[in-house]
Amino acid sequence: EAQVTQNPRYLITVTGKKLTVTCSQNMNHEYMSWYRQDPGLGLRQIYYSMNVEVTDKGDVPEGYKVSRKEKRNFPLILESPSPNQTSLYFCASSFEGRDTQYFGPGTRLTVL
Amino acid sequence: SQQGEEDPQALSIQEGENATMNCSYKTSINNLQWYRQNSGRGLVHLILIRSNEREKHSGRLRVTLDTSKKSSSLLITASRAADTASYFCATVRVRNKLVFGAGTILRVKS
């Protein structure tokens with residue numbers, strides 16, 4: 001089954017404790033991206049990747065890191081999480097950035 | 001900044017009625033996409049309409065695009081309770097960057 005998976009689905013952590021949210025797709029998509037969703041603000045892009053080893057900043061990259069060492073995986077790293085990073089995070093993939101996006105189920109992160 | 005602006009922010013209708021949601025944008029686009037999100041879940045793609053297309057259908061969904069007015073509309077006909085969700089438009093800007101609006105919350109009452 002074609003899908004985008006994210007782990008964990010729910011995470012409660014404390015300020016400053018490094019964490020990684022994994023994202024994996026099995027559709028051989030070249031384009032992958034991370035979004036955060038906050039009430040009233042819609043989805044805002046954090047980072048995107050057009051291919052292996054090619055990443056670029058989205059609209060709200062501060063406080064986040066990403067890497068794309070393999071085509072199928074695109075982890076999101078929070079080196080020192082802060083409470084303003086409490087949000088619902090989505091990973092998405094597509095063949096190209098302008099194509100239909102396939103979204104993961106979301107990761108609800110709470111930073112205390 | 002958000003490219004797409006959905007209107008209305010919230011819509012409540014009776015089952016069987018039609019629901020219309022609008023999306024406006026500011027800059028030139030490659031295509032415009034509509035997505036649905038059930039409460040707290042991932043977004044599901046509904047329809048993609050290219051900048052050289054004016055109308056597209058998929059089942060009970062009809063999307064129009066007016067590039068001169070920089071606007072699009074999503075029509076859901078004969079709505080069902082299961083259509084209750086948030087609906088987002090997303091526009092593809094230069095460098096294939098996809099930008100989402102804040103969404104329309106649709107509630108279909110049975």
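By convention in this document, chain letters (A, B, ...) are assigned in the order of the sequence lines, proteins followed by strands, and residues within each chain are numbered from 1.
B/Leu48 touches chain A through its side chain: at least one heavy atom from C-beta onward sits under 4.5 Å away, while N, CA, C and O do not. Both the backbone and the side chain of A/Gln101 come within contact range of chain B, each with at least one heavy atom under 4.5 Å from a heavy atom of that chain. Of the two parts of A/Tyr35, only the side chain, counted from C-beta on, holds a non-hydrogen atom closer than 4.5 Å to a non-hydrogen atom of chain B. Of the atoms belonging to B/Gln9, not a single heavy atom falls under 4.5 Å from chain A.
Looking at A/Ser87 and A/Asp38, their side chains do bring a donor and an acceptor atom within 3.5 Å of each other.
The pair A/Glu96-A/Arg98 meets the salt-bridge criterion, with a side-chain N (NZ, NE, NH1 or NH2) lying under 4.0 Å from an Asp/Glu carboxylate O.
Without hydrogens or angle criteria, A/Thr107 side chain to A/Tyr10 main chain gives no donor-acceptor distance under 3.5 Å. A/Thr22 places no side-chain N or O within 3.5 Å of a backbone atom of A/Gln6 that could act as its donor or acceptor partner.
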